[in-house]
There are 2 protein chains.
Amino acid sequence: MLDALRACGLKVTPQRLAILNQLVGDPTHPTATELFGRLREELPSMSFATVYNTLAALTKQGLCAARQLESGPVRFDPNVAPHDHAVCDSCGLVIDVMTEGLAAASAATNLKPVQGFSVRSVERIYRGRCVQCAAPNEPQTDAEKETGD
Amino acid sequence: MLDALRACGLKVTPQRLAILNQLVGDPTHPTATELFGRLREELPSMSFATVYNTLAALTKQGLCAARQLESGPVRFDPNVAPHDHAVCDSCGLVIDVMTEGLAAASAATNLKPVQGFSVRSVERIYRGRCVQCAAPNEPQTDAEKETGD
DNA sequence: TTGCAACTAAGAATCATTCTAAGTAAGGTC
DNA sequence: GACCTTACTTAGAATGATTCTTAGTTGCAA
């Protein structure tokens, strides 16, 4: 964590360590606002701008990835390896899809989808319903998620 | 055009016809702001809210599609048939990719990328460089595009 | 220990989008 | 063709996400 920052030429600060700690191992692809909310608990003086600045720095250095999978705020992903995503139409849940992701991406990179367009990477977004929302009796809306379950 | 609106139960207004006319046949996937700018020329009294309301209505009725391919404003696409997109890293250009789109999408729909997730649709986004930007001597930045070439 | 460049805090500014309220007009009915 | 209802439009305020600015702070190399 500490070394990862230093290796990128970024200074190690409590704010950055806190943000990285929150992000790493969090599979929910949180937004900047969500992260800020959680981080305020351990670092009450933290500024919103710091969260954005830090996430921008981490993204630039390849320590995390910014993903715009639906309209609304950008989500941040600690998993920078090539992979796809499944997005729930109903509750907005984002799930990493590792299966075949690499193979598919590398195969597609060799495609020429449009004359002259040189492909650097391919990402696939699966849209549909997550397990919770697909279950007839327990649809989980955004509103329900906010009130806690 | 006129019939398409009526068929959806939408009233035909000069604003809606102008918006649809701008959108149909425009392959550049314009944003609401871009459309508003062009539409002001023919309908100077048009309100921004009308553009958003109308685009929302058209999207809901399946006459166009809202696409979030990168961070920034939503782009609107008159092509509602299933297809993929190529996005230029450099200038932001969005290109429709029809090749194999249908076949790939339907094949992927049968996949089970995540346990329990029921896939409704798949979209692929190719990232890389467009012809203009890939050419070593004539990179086209957003700034250059705005000043006109 | 010191110096400085990079970082952070606070809040204003900006941009995209949605909401609200009041007036307008499309289109069905008589 | 006139009238009426309801959907639509306008204008501008409100909201939410993100970026910018400025001044003060701190990590870390020397």
Side-chain angles (χ1 to χ4, degrees), chain A residues 1-20 22 29-40 42-61 63-64 66-76 92 142-143 146, chain B residues 1-20 22 29-40 42-61 63-64 66-76 92 142-143 146:
Chain A
M1 200 73 70
L2 217 130
D3 296 334
L5 286 172
R6 290 220 177 93
C8 296
L10 295 174
K11 287 188 176 174
V12 177
T13 68
Q15 290 85 352
R16 288 181 170 181
L17 285 174
I19 290 171
L20 260 178
Q22 270 295 333
H29 305 74
T31 65
T33 307
E34 285 166 3
L35 282 171
F36 179 63
R38 294 185 219 155
L39 290 160
R40 284 286 283 228
E42 52 179 300
L43 286 172
S45 73
M46 167 114 62
S47 156
F48 220 135
T50 299
V51 178
Y52 273 103
N53 286 340
T54 301
L55 288 170
L58 296 178
T59 301
K60 190 178 175 188
Q61 297 300 329
L63 293 178
C64 71
R67 310 212 182 271
Q68 183 85 54
L69 299 169
E70 50 186 340
S71 59
V74 170
R75 294 178 170 279
F76 292 88
D142 275 334
E146 273 157 25
Chain B
M1 201 71 72
L2 216 131
D3 296 333
L5 287 171
R6 290 222 177 94
C8 296
L10 295 174
K11 286 187 177 175
V12 177
T13 68
Q15 290 85 355
R16 288 181 170 181
L17 285 174
I19 291 172
L20 260 178
Q22 271 294 332
H29 305 74
T31 65
T33 306
E34 285 166 1
L35 281 172
F36 180 63
R38 294 185 220 156
L39 290 160
R40 286 285 282 227
E42 52 180 300
L43 287 171
S45 73
M46 166 114 62
S47 155
F48 220 134
T50 299
V51 177
Y52 273 102
N53 286 340
T54 301
L55 287 170
L58 296 177
T59 301
K60 190 178 175 188
Q61 296 299 328
L63 293 178
C64 70
R67 310 212 182 273
Q68 183 85 54
L69 299 169
E70 50 187 339
S71 60
V74 170
R75 294 180 171 277
F76 292 88
D142 275 334
E146 273 157 23

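In what follows, chains are A, B, ... by sequence order, proteins preceding strands, each numbered from 1. The basis for the numbers below is simple: all heavy atoms, side chains too, and nothing from hydrogens, waters or symmetry mates.
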I want to confirm an ordering. Mapping B:P44 and B:G9 to their closest nucleotides on DNA chain D, which one lands closer to the 5' end?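 Its nearest nucleotide lies further toward 5', so the answer is B:G9.
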
If we ignore hydrogens and angles and just use 3.5 Å, is the side chain of B:E42 paired with the main-chain N or O of B:P44 as donor and acceptor? no

No-H, no-angle donor-acceptor pair, B:T13 side chain to C:dA26 base, under 3.5 Å: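 A donor-acceptor contact between them is absent.
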
Looking at C:dA16, does its base get a donor-acceptor pair with the side chain of B:T33 below 3.5 Å? no

On DNA chain C, compare the nucleotides closest to B:K11 and B:Q68; which residue's is nearer the 5' end?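 In this pair, the answer is B:Q68.
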
Please tell me which of B:P73 and A:S45 maps to the more 5' nucleotide of DNA chain C, matching each residue to the nucleotide holding its nearest heavy atom. A:S45

What is the distance, rounded to the nearest whole Å, between atom [atom1] of [X] and atom [atom2] of [N]?
X: B:M46; N: C:dT24; atom1: CE; atom2: C1'; result: 15 Å
X: A:L10; N: C:dC7; atom1: CG; atom2: P; result: 6 Å
X: A:K60; N: C:dA6; atom1: NZ; atom2: C1'; result: 13 Å
X: A:I19; N: C:dA9; atom1: CD1; atom2: P; result: 9 Å
X: A:L43; N: D:dT26; atom1: CG; atom2: C1'; result: 14 Å
X: B:N53; N: C:dT24; atom1: CG; atom2: C1'; result: 15 Å
X: A:F48; N: C:dA13; atom1: CZ; atom2: P; result: 19 Å
X: B:E70; N: D:dT18; atom1: CD; atom2: P; result: 14 Å

For a quick test of reading the model, state the closest non-hydrogen atom pair linking [X] to [Y] and the distance between them.
X: A:R16; Y: A:K11; value: NH1-O, 3.2 Å
X: B:A32; Y: B:V51; value: O-CG1, 3.9 Å
X: A:S71; Y: B:V74; value: CB-CG2, 4.0 Å

Mind checking the OH-CG spacing from A:Y52 to A:L35? Nearest 0.5 Å is all I need. 10.0 Å

By nearest atom, which of the nucleotides D:dC20, D:dG27, D:dT10 is closest to the A:P14 side chain?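 Nearest to the side-chain atoms of A:P14, counting from C-beta on, is D:dG27.
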
Measure from the side-chain heavy atoms of A:R16 and tell me the nearest of D:dT18, C:dC7, C:dG27. C:dC7

Is the phosphate of [N] approached by [X] (side-chain N or O, under 4.0 Å from OP1 or OP2)?
X: A:Y52; N: D:dT18; answer: yes
X: B:R6; N: C:dA26; answer: no
X: A:Q15; N: D:dT26; answer: no
X: A:T54; N: C:dT8; answer: yes

